[in-house]
Number of protein chains: 2
Amino acid sequence: MQKSEEIVAEEALDGSRFMPGLSVDCVIFGYHERELKILVSKFKNTSYYSLPGGFIKRNEDADEAAHRVLFERTGLRDIYLNQFYTFGNTHRANPEPMKSVMLANGIEFNGNHWMLQRFISIGYYALVNYTRAEPKPDFFSESCLWYDIDDVPKLMQDHRLIVKKALETLRNNVNRKFIGVNLLQDQFTMGDIQKLHETILGEKLNRTGFHRKMLNSGLLKRIGKKKTGGSHRAPYLYVFHSDEE
Amino acid sequence: MQKSEEIVAEEALDGSRFMPGLSVDCVIFGYHERELKILVSKFKNTSYYSLPGGFIKRNEDADEAAHRVLFERTGLRDIYLNQFYTFGNTHRANPEPMKSVMLANGIEFNGNHWMLQRFISIGYYALVNYTRAEPKPDFFSESCLWYDIDDVPKLMQDHRLIVKKALETLRNNVNRKFIGVNLLQDQFTMGDIQKLHETILGEKLNRTGFHRKMLNSGLLKRIGKKKTGGSHRAPYLYVFHSDEE
DNA sequence: CCAAAAGTGTTAAGCATACACCCATGA
DNA sequence: TCATGGGTGTATGCTTAACACTTTTGG
């Protein structure tokens, strides 16, 4: 499964393998120590940061491409993935950053190089288990790291807008679908879920109301009590009801 | 502003003007006589029906392309338009229908013709005033007509799925945004709005509850009474509050 | 006067919010 | 015994739903 760097580079740079002018960008959310985080790549030998992304192979579904990017960056499969918007403005096409990246990495090109053309990008957001993900930079990047959603470095092109729109979608969905199952460990307390929701929404929630709403949803199942070591009553532990029976 | 058919055909068939492998498809909703309708095109000399769609010019925003398609099909500008999903599966690419269309219309092509390649399509839905729209077929089509949403002919490729997803999105939005302003006349009764919502949602709504909810929204303004000619009390007429003052 | 549609009042149910109180635990 | 976080009971207010009743109009 190991490929030499040359082969990786050759494949990555071979535009004929991909749908031209089309890319996927992934906003990969993780949650750790009460902070909502996303994965951000840094291009080698430059100061450009970007969202993990990739191109769509000629014989590959757009969703598959996003899943592939996710697997390559995190080592995880079967990830919660949601297409939320397609970014198709002309002014998002700015070849200068990519030129710098290619120059800085000794990639030969002319002005018509396929990677310098206008791209329309399909935005996906993913929810992953922070502790299971193993971020790995791609061939063009020197790092792929978690950043607090409130402390993301300046991103290339319109990637800040993409993050903003992803977060908006996530916030709209947090009340409807059950987000926690993707971002928390298998077992969690009611406090864990509430803190997660508060972090995502950026606001405090009523404790008792939240507690009851979650219980009434019928999605949770108590499996015992947790010894927190804290000087207070031990909270119940829950799993998602669908996990069992 | 009139162009000869030859020039229109030449431009429409010149793939170099467009983003390759990318299209927009529009689900154009109208409302008339208690029926929700969409515009459907029929290709010349074939029995293929499709959604109004088009390609994205190299120097054109995706949204602009959708607005252009809308204007060309309806003669309307400043239309409510909403991007709702991008369809990027490989198996949606089936060149056979398009081959038939080109054959039936005397368009020369080889197997590599750009219109026969795989396309990824950005889906938009639009809400237009039925009485103001003037549906016009494009160069490839012999008709562009309104069809009841429950009585749409068999559509090409995955266009049925696109309609389904557009309708789902519209149904999700009907309670949040105020859809009526785009689909009704300037003046309308409470019954008009309720019937519109019932048609979109496909279910009966509580009359008094709906009435009050609408009034409480603060979006409506009474402007007088309507003589319906019916043997019953004359209903109030409303306009959208933002229209005045 | 009657049927039909429209407008409005009243009541009940459901839900989230707010507050209160008790429980369990470690220091 | 005290502070802290967790679980649950009770009261309040808001929104929606359901029903009833009145109003207006043409036949």
Side-chain angles (χ1 to χ4, degrees), chain A residues 31 33-34 171-180 184-241, chain B residues 33-34 171-180 184-185 187-241:
Chain A
Y31 178 69
E33 292 182 347
R34 299 204 195 174
R171 283 180 175 164
N172 283 333
N173 287 157
V174 78
N175 290 317
R176 294 188 289 189
K177 309 176 184 183
F178 209 85
I179 298 300
L184 294 170
Q185 306 304 322
D186 293 340
Q187 303 182 354
F188 40 83
T189 67
M190 201 58 89
D192 291 337
I193 313 178
Q194 183 172 352
K195 277 162 201 154
L196 169 63
H197 280 232
E198 287 176 345
T199 303
I200 289 174
L201 295 171
E203 60 181 344
K204 285 281 165 200
L205 298 171
N206 178 278
R207 185 177 64 91
T208 56
F210 186 83
H211 190 109
R212 260 185 279 260
K213 188 163 62 171
M214 284 295 124
L215 285 182
N216 288 340
S217 76
L219 294 170
L220 301 182
K221 184 179 177 183
R222 280 188 183 160
I223 56 164
K225 296 213 173 186
K226 182 184 183 183
K227 295 275 183 287
T228 61
S231 55
H232 55 79
R233 178 175 182 172
Y236 287 107
L237 277 172
Y238 297 87
V239 293
F240 285 98
H241 201 265
Chain B
E33 291 180 349
R34 297 203 198 178
R171 284 180 175 166
N172 283 332
N173 287 156
V174 77
N175 290 317
R176 295 188 289 188
K177 309 175 183 183
F178 210 88
I179 297 300
L184 294 170
Q185 306 304 324
Q187 301 183 355
F188 40 83
T189 68
M190 201 58 87
D192 292 337
I193 313 178
Q194 182 172 351
K195 277 162 200 152
L196 169 63
H197 280 234
E198 287 175 344
T199 304
I200 290 174
L201 295 172
E203 61 181 343
K204 286 281 166 201
L205 298 172
N206 177 280
R207 185 177 64 91
T208 55
F210 186 84
H211 190 109
R212 259 185 280 261
K213 189 161 64 170
M214 284 296 124
L215 285 182
N216 289 340
S217 75
L219 293 169
L220 301 181
K221 186 180 175 181
R222 279 186 182 160
I223 57 165
K225 296 213 174 187
K226 182 185 185 182
K227 294 274 184 286
T228 60
S231 56
H232 55 79
R233 179 174 181 172
Y236 286 108
L237 277 172
Y238 297 86
V239 293
F240 285 98
H241 201 264

Are the side chain of Asn216(A) and the backbone N or O of Lys213(A) linked by a donor-acceptor pair below 3.5 Å?
no

Provide, to the nearest angstrom, the distance between the CZ atom belonging to Arg233(B) and the C1' atom belonging to dA6(C).
6 Å

If the condition is side-chain hydrogen bond (donor to acceptor under 3.5 Å, both in side chains), which residues does Asn172(A) pass it with, not counting sequence neighbours?
none

Any chance you could measure Gln187(A), atom CD, to Asp192(A), atom CG, to the nearest 0.5 Å?
11.0 Å

Under the rule for side-chain hydrogen bond (donor to acceptor under 3.5 Å, both in side chains), what residues qualify as partners of Arg212(B), not counting sequence neighbours?
none

Identify, between His232(A) and Asn216(A), the residue whose nearest nucleotide on DNA chain C lies closer to the 5' end.
Asn216(A)

Scanning both residues in full, the closest heavy-atom pair of Asp186(A) with Val239(A) reads O-CG1, 3.7 Å

I'd like the 5' and 3' limits of the part of DNA chain D contacted by chain B, with heavy-atom contacts below 4.0 Å.
dT16(D) to dG26(D)

Shortest non-hydrogen pair, Leu196(A) vs Gly180(A), comes out as CD2-CA, 3.7 Å

Would you be so kind as to tabulate the donor-acceptor pairs closer than 3.5 Å made by side chains of residues 200-207 of chain B, with sequence neighbours excluded?
unit_1: Asn206(B); atom_1: OD1; unit_2: Thr208(B); atom_2: N; d: 3.2
unit_1: Asn206(B); atom_1: OD1; unit_2: Thr208(B); atom_2: OG1; d: 3.1
unit_1: Asn206(B); atom_1: OD1; unit_2: Gly209(B); atom_2: N; d: 2.6

Set of residues satisfying side-chain contact (heavy atoms from CB on, under 4.5 Å) with respect to Phe178(A), sequence neighbours excluded
Ile193(A), Met214(A), Leu219(A), Leu220(A), Phe240(A)

Let's see if you get this right: which residues in residues 202-215 of chain B place a heavy atom under 4.0 Å from DNA chain C?
Arg207(B), Thr208(B), His211(B), Arg212(B)

